[in-house]
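Working notes for the structure below.
Just so we're on the same page: letters track the sequence lines, and every chain starts at 1.
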Amino acid sequence: MVMMQTNRMALGEKALDLEATLHCGQVFHWTPQGQGHFGALGNEAAYVEHDPSKNVLIFAGASVETVSNYLGINDPLNDVISTFPTEDAHLTAAMAYTPGLRICRQPPWECLATFITSSLKQVPHIRQMSLTLRERFGRKRSLGGLTMHDYPGPERLAEAGEERLRDCGLGFRAKSLARAASRVASGEFSLDFDGLDDDEARAKLCQLYGVGEKIANCVLLFGYARFAAFPIDVWVERVLRHLYAPRGRKRRWPAREMQAFAAKHFGPYAGYAQQYLFHYARHHDKVLFGAR
DNA sequence: TCTCAGGTTGACC
DNA sequence: GGTCAACCTGAG
């Protein structure tokens with residue numbers, strides 16, 4: 001057992017599914033460790049564990065504010081649910097499946113960079129690339145005898161250059177990451193979106209090479225807590241097409257219309273609905289979509 | 001060996 | 001203003 005000084009936070013009535021929250025594809029660097037998970041919160045190594053019997057969060061390496069902010073502990077899930085369409089049996093089922101799934105607040109650069117590398121990759125690959133980038137270019141951090149590297153900032157990755165990023169297994173994504181890192185590091189591209197509404201912020205992100213609608217929405221949702229953002233990846237597209245498509249649109253439903261439908265149907269917390277549906281679909285693909 | 005994956009881009013109609 | 005192949009890499 002790893003020795004470290006831990007703190008505790010009583011969650012009261014707040015639901016939390018830590019396992020799902022850290023491993024459902026929002027964030028990619030956490031590793032199961034003992035009863036909990038070891039990773040990093042921003043620049044510091046951290047450990048988090050949930051005791052469901054007492055509904056207590058046990059953590060080390062970060063302040064209570066940092067941990068609860070990162071895990072979205074204070075997101076008002078009951079209010080979120082109350083904004084959802086009441087007659088939506090699919091969403092109701094998805095929420096019942098993982099009621100404590102929450103949306104993380106990742107540091108914006110870490111979130112942007114990670115999702116730039118996510119293009120056409122599966123979760124284990126994204127995780128592998130993230131860990132390699134951390135190990136090669138991040139700073140080593142220790143906690144209770146465990147070590148973790150923080151996510152390299154844009155300056156560090158810009159300095160590394162495309163070829164060395166390619167060596168981390170990024171493939172064609174290296175060019176996108178290198179370019180984004182240079183633009184952010186030079187200050188030419190600001191990650192401060194204060195004063196921009198969601199559409200403006202999304203349009204700005206899409207100016208980056210290698211960032212399209214899907215990645216921009218992931219960054220808005222997981223890095224900026226813009227809860228109306230609704231990333232449509234192949235899983236969510238499958239969900240929408242199979243379970244929500246209007247008559248005659250099952251086979252052909254333009255992305256633009258699909259996106260508009262999601263915003264209207266799921267409302268201001270569409271991003272939360274997306275996470276529940278995404279997670280549910282990945283664990284019930286045979287039932288929902290049949291053998292493929 | 002071969003296909004395909006949690007996307008984006010640029011070329012072509 | 002829409003369709004379609006190409007792009008790196010690793011896993012099944």
Side-chain angles (χ1 to χ4, degrees), chain A residues 20-30 94 98 101 103-104 106 110-133 135-136 157 160-183 189 202-223 229-244 249 251-260 262 270-286 288-289 291-292:
Chain A
T21 300
L22 294 180
H23 300 284
C24 73
Q26 309 180 45
V27 57
F28 301 91
H29 68 283
W30 291 90
T98 321
L101 177 58
I103 289 178
C104 293
Q106 297 171 52
E110 180 178 324
C111 186
L112 170 62
T114 306
F115 278 96
I116 283 177
T117 66
S118 77
S119 168
L120 213 51
K121 280 286 181 194
Q122 296 180 333
V123 171
H125 298 149
I126 303 170
R127 175 182 169 75
Q128 198 173 304
M129 290 184 283
S130 164
L131 293 176
T132 305
L133 287 168
E135 275 167 29
R136 298 213 184 152
L157 292 182
E162 182 178 334
E163 283 316 307
R164 290 175 66 198
L165 297 183
R166 195 172 285 267
D167 286 343
C168 298
L170 267 64
F172 62 84
R173 302 158 197 82
K175 181 171 163 189
S176 310
L177 183 57
R179 285 203 197 177
S182 303
R183 293 186 64 180
F189 190 99
R202 178 166 29 244
K204 189 165 179 210
L205 282 166
C206 288
Q207 289 170 5
L208 291 170
Y209 178 82
V211 177
E213 194 98 338
K214 150 65 169 72
I215 291 177
N217 278 320
C218 285
V219 175
L220 288 181
L221 183 57
F222 304 133
F230 191 89
I232 301 182
D233 51 60
V234 299
W235 284 98
V236 173
E237 176 170 354
R238 221 171 267 160
V239 168
L240 292 176
R241 207 173 280 289
H242 282 256
L243 308 179
Y244 291 92
R249 283 294 162 83
R251 291 184 60 200
R252 170 118 195 81
W253 196 8
R256 183 67 36 208
E257 288 178 31
M258 206 182 276
Q259 199 83 58
Y272 255 102
Q274 190 269 9
Q275 274 303 284
Y276 288 113
L277 289 169
F278 172 74
H279 189 248
Y280 184 66
R282 281 175 55 96
H283 292 258
H284 298 81
D285 58 335
K286 294 229 168 44
L288 292 175
F289 314 127
R292 278 180 291 107

Name the nucleic acid region contacted by [X], choosing base, sugar-phosphate or nothing; use a 4.0 angstrom heavy-atom cut-off, strictly under.
X: A:Leu120; result: base
X: A:Cys24; result: base
X: A:Phe278; result: base
X: A:Val123; result: base
X: A:Arg173; result: base
X: A:Gly169; result: sugar-phosphate
X: A:Leu208; result: sugar-phosphate
X: A:Arg252; result: sugar-phosphate
X: A:Lys214; result: sugar-phosphate

Can you tell me how far [atom2] of [N] sits from [atom1] of [X], to the nearest Å?
X: A:Asn217; N: B:dG6; atom1: CG; atom2: P; result: 18 Å
X: A:Met258; N: B:dG6; atom1: CE; atom2: C1'; result: 15 Å
X: A:Arg127; N: C:dA11; atom1: CZ; atom2: P; result: 14 Å
X: A:Leu170; N: B:dT8; atom1: CG; atom2: C1'; result: 15 Å
X: A:Met129; N: B:dA5; atom1: CE; atom2: P; result: 16 Å
X: A:Glu162; N: C:dC8; atom1: CD; atom2: P; result: 9 Å
X: A:Arg238; N: B:dC4; atom1: CZ; atom2: C1'; result: 11 Å
X: A:Leu165; N: C:dT9; atom1: CG; atom2: P; result: 13 Å

Quiz item: Within the distance-only criterion (no hydrogens, no angle test), does the side chain of A:Arg127 pair as donor or acceptor with the backbone N or O of A:Trp30 below 3.5 angstrom?
Solution: yes
Exercise. Please confirm whether the backbone N or O of A:Leu170 pairs with a side-chain atom of A:Arg173, one donor and one acceptor, at under 3.5 Å?
Key: yes
Practice problem: In whole angstrom, give me the gap between the C1' atoms of B:dG6 and C:dT3. | Solution: 22 Å
Quiz item: Distance between the P atoms of B:dA11 and C:dC8, in whole angstroms?
Solution: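 B:dA11 and C:dC8 have their P atoms separated by 15 Å.
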Self-check item: Most 5' of A:Gln274 and A:Gly210 on DNA chain B, judged by nearest nucleotide
Solution: A:Gln274
To the side chain of [X], which of [options] is closest?
X: A:Asp233; options: B:dG7, B:dT9, C:dT9; answer: B:dG7
X: A:Val234; options: C:dC8, B:dG7, C:dA11; answer: B:dG7
X: A:Gln128; options: C:dA11, C:dT9, B:dA5; answer: C:dA11

Quiz item: Across all strands shown, which nucleotide pairs with B:dG6 by Watson-Crick or G-U wobble geometry, both distances under 3.5 Å?
Solution: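 When the pairing criteria are applied, nothing turns out to pair with B:dG6, so the answer is none.
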Quiz prompt | Contact check, side chains of A:His23 and A:Val123, non-hydrogen atoms, under 4.5 Å | solution = no
Quiz item: So which heavy atom on A:Leu221 is nearest to which on A:Pro231, and how close?
Solution: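 Residues A:Leu221 and A:Pro231, closest heavy atoms: CD2-CD, 3.9 Å.
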Quiz item: Mind checking whether A:Phe115 and A:Phe28 have parallel, tilted or perpendicular rings, split at 30° and 60°?
Solution: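 Plane angle over 60°, so perpendicular.
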Exercise. With A:Lys204 as the cation and A:Phe189 as the aromatic partner, state whether NZ or CZ is under 6.0 Å from the six-membered ring centre and within 45° of the axis.
Key: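 Yes, a cation-pi geometry holds between A:Lys204 and A:Phe189.
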